[in-house]
Protein chains: 2
Amino acid sequence: MSPDDHHRIETIALLEGTPPHVGRLLAEAAEIRALAAGELAFVAGQRPQFLHLILSGRLALIGEGAGAETMVEAFGEGEALLTPAVVLDRLYLLSARAMIDSRLAAIPAESFRALLDREPALARAVVTQLARHWRVLIRQIKDLKLRAGAQRLASYLLAQDRDRSGRIYLLMERRLLARRLGMTPEHLSRAFAQLRPFGVAAVGRAVTISDESGLRRFCDYDAVT
Amino acid sequence: MSPDDHHRIETIALLEGTPPHVGRLLAEAAEIRALAAGELAFVAGQRPQFLHLILSGRLALIGEGAGAETMVEAFGEGEALLTPAVVLDRLYLLSARAMIDSRLAAIPAESFRALLDREPALARAVVTQLARHWRVLIRQIKDLKLRAGAQRLASYLLAQDRDRSGRIYLLMERRLLARRLGMTPEHLSRAFAQLRPFGVAAVGRAVTISDESGLRRFCDYDAVT
DNA sequence: CGGTTGTTTGAGGACGTTCAAGTACTGTGG
DNA sequence: CCACAGTACTTGAACGTCCTCAAACAACCG
């Protein structure tokens, strides 16, 4: 492993607040996996062999069932993939697929669990990370149950980061975004059309919103993070 | 507080594996709240003042938005309510309503967070609890995105506990179950009708399944917990 | 027993999917 | 640089699922 990778693992967001030797131990136990876009890091039903940390790139968590496939959430640099399955030593409920070329640090599951028991600061850091992700999932469940498709799209757009000029760059192709939002690509296309009256203009992956407060009202946006 | 309540807090499932003094400290900091059926423990948008542990009874987590209301999940004796909001000190995303008369132990949020930083075993126990709940939410998201209403009902029924004779007792009225499953009460009624060919017979809150393997196939049941 | 609340059934409509075709991208080799 | 293939996105029509509204029915509680 390169010193650069070593450093990236030690300073990963998950470990914020932990003493330096925790990162060092994890980095020593880790091996690096490079994934090309489209490759799987693991698949649902497997027993977790590693805790995967994303060093660079972006991965989608994919759920399968009833003959279809959906995307639950996407994670980028600095995030850990499916800590719960690793912590509990249970079968994965989801698969992970690289959306773009990515590099992962794979920490043997057993080592991670052992360290979790031994290092209070690590356990504390994992609590924070799980709590954050928990709230992301809750928001998604609320969206799916309470909002119609176009409202979910509006909600999603309003939550995205903007550049200086207020433009949003979509982090994934629309086919995948559709599945993240719980609809078909066809319906997503129509949902974008529904948002045009609020000044939502999409050119490729760039999206602009001119009537933001109108859009907020349209989807009953909840800004709480 | 009664010695009985004290004991119940100390032996609550969340604290499994923690040394005795953790339970004692939490019990000393806690106050008891009795809720009548229908009363709210807290509401979405509030800043968490307490971590609530359910000593007895059952509470539903309610999400509001877009002019409607839904039930995300229900929790019973021994469970903690919305640990993530308390841990992160963020506004609640959900409200909690007592489904039946219930008793809660309310631990001041600040005390809980302090203890979480100080007691490694508590942090470790919270990791386990959050990880378990995380997987419950993932299953729900997969259900909502991948399965139709009747399939979600089938899936839900197959996951419920049975008594010796294989009967299921629904833990809530159907109106609420409908919202848990992401549908209207009317649709739930029709979903039960759709499951009759698989021998799903409902009498009041008792449900029997005669063709379990057929039902499993119908909803592509995933038994992984 | 009547009032209240919860559940079922029916009819009509809105939302979302499927299937199919057409249109824009994107990258490759000539 | 263009032609081309392959892929993604859009649009349209038909269908299915699910919701709304309304009414009948059942269960529960004073």
Side-chain angles (χ1 to χ4, degrees), chain A residues 36-38 60 65-71 97 99-101 143-157 169-197 200-207 218-220, chain B residues 36-38 60 65-71 97 99-101 143-157 169-197 200-207 218-220:
Chain A
E69 187 180 294
T70 192
M71 188 232 221
R97 181 180 299 149
M99 294 162 66
I100 53 177
D101 294 354
D143 265 12
L144 288 167
K145 285 182 167 176
L146 294 168
R147 276 181 254 270
Q151 291 177 308
R152 292 200 295 274
L153 172 58
S155 223
Y156 176 87
L157 291 174
Y169 283 95
L170 299 177
L171 292 169
M172 59 192 98
E173 48 189 35
R174 295 187 180 205
R175 204 162 43 125
L176 204 53
L177 176 58
R179 296 309 176 183
R180 159 66 182 75
L181 295 174
M183 62 181 92
T184 58
E186 293 95 323
H187 193 73
L188 174 61
S189 184
R190 292 181 240 265
F192 266 110
Q194 264 189 274
L195 301 187
R196 266 202 283 275
V200 174
V203 185
R205 289 203 181 178
V207 180
F218 168 71
C219 68
D220 190 23
Chain B
E69 187 179 294
T70 191
M71 185 227 209
R97 182 180 298 149
M99 294 162 65
I100 53 178
D101 293 354
D143 265 12
L144 288 167
K145 285 182 166 176
L146 294 169
R147 277 182 254 269
Q151 291 177 308
R152 292 200 295 273
L153 171 58
S155 222
Y156 176 88
L157 291 175
Y169 284 95
L170 299 177
L171 292 169
M172 59 192 99
E173 50 190 31
R174 295 185 181 211
R175 205 162 43 125
L176 204 54
L177 176 58
R179 296 309 178 183
R180 160 65 183 73
L181 294 174
M183 61 182 95
T184 58
E186 293 95 322
H187 193 74
L188 174 62
S189 183
R190 291 182 240 264
F192 266 111
Q194 264 189 274
L195 300 187
R196 267 203 284 276
V200 173
V203 185
R205 289 204 181 179
V207 180
F218 169 70
C219 68
D220 190 22

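Convention: sequence-line order gives letters A, B, ...; per-chain numbering from 1. Model, not experiment: these values are computed from the prediction.
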Chemist: With Arg97(B), which residues qualify under salt bridge (charged side-chain N to carboxylate O under 4.0 Å, His left out), at least two apart?
Modeler: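 Partners of Arg97(B) by the salt bridge (charged side-chain N to carboxylate O under 4.0 Å, His left out) criterion, ordered by chain and then number, come out as Glu69(B).
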Chemist: Tell me, for nucleotides 14-27 of chain C in 5' to 3' order, what letter each nucleotide earns: B for a base near a protein heavy atom under 4.0 Å, S for only sugar-phosphate near one, - for neither?
Modeler: --SBBB--------
Chemist: Roughly how far, to the nearest 0.5 Å, is the CZ atom of Arg147(A) from the OG atom of Ser155(A)?
Modeler: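 Rounded to the nearest 0.5 Å, the OG-CZ separation comes to 4.0 Å.
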Chemist: Sequence neighbours excluded, which residues qualify as ring pair (Phe, Tyr, Trp, His ring centres under 6.0 Å) partners of Phe218(B)?
Modeler: Phe198(B)
Chemist: Five pairs per end, C1' atoms only: what is the angle between the end axes of the helix from dC1(C)-dG30(D) to dG30(C)-dC1(D), to 10 degrees?
Modeler: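 Answer for the end axes of this duplex: 40°.
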Chemist: Separation of Glu173(B) atom CD from dT5(C) atom C1', in whole Å?
Modeler: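 Spelled out: CD on Glu173(B) to C1' on dT5(C) is 9 Å.
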Chemist: How long is the straight-line distance from CZ of Arg190(B) back to CG of Leu153(B), given to the nearest 0.5 Å?
Modeler: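 It comes to 14.0 Å.
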Chemist: Would you grab the first and last nucleotide of DNA chain D (5' to 3') that comes under 4.0 Å of any non-hydrogen atom in chain B?
Modeler: dC18(D) to dC21(D)
Chemist: What distance separates Leu144(A) CG from Asp143(B) CG, expressed to the nearest 0.5 Å?
Modeler: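 Output value for this atom pair is 11.5 Å.
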Chemist: Test your reading of the model: is there a side-chain donor-acceptor pair from Asp101(B) to the backbone of Ala36(B), 3.5 Å cut-off?
Modeler: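 Flag not set: sc Asp101(B) to bb Ala36(B) has no pair under 3.5 Å.
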Chemist: List the atom pairs, donor and acceptor, that lie under 3.5 Å between side-chain atoms in residues 176-188 of chain B and the rest of the protein, sequence neighbours left out.
Modeler:
| residue | atom | partner | partner atom | Å |
| --- | --- | --- | --- | --- |
| Arg180(B) | NE | Glu73(B) | OE2 | 3.4 |
| Thr184(B) | OG1 | His187(B) | N | 3.2 |

Chemist: Find out whether Arg205(A) and Glu173(A) are in side-chain contact, i.e. whether some heavy atom of one side chain is under 4.5 Å from a heavy atom of the other.
Modeler: yes
Chemist: Given dG6(C), is OP1 or OP2 found less than 4.0 Å from the side-chain N or O atoms of Arg175(B)?
Modeler: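 Checking dG6(C) against Arg175(B), a side-chain N or O does come within under 4.0 Å of OP1 or OP2.
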Chemist: Measure the shortest side-chain to side-chain distance between Leu157(B) and Leu195(B) over non-hydrogen atoms and say whether it is less than 4.5 angstrom.
Modeler: yes
Chemist: Side-chain contact test, heavy atoms from C-beta onward, threshold under 4.5 Å: evaluate it for Lys145(A) versus Met71(B) and give yes or no.
Modeler: no
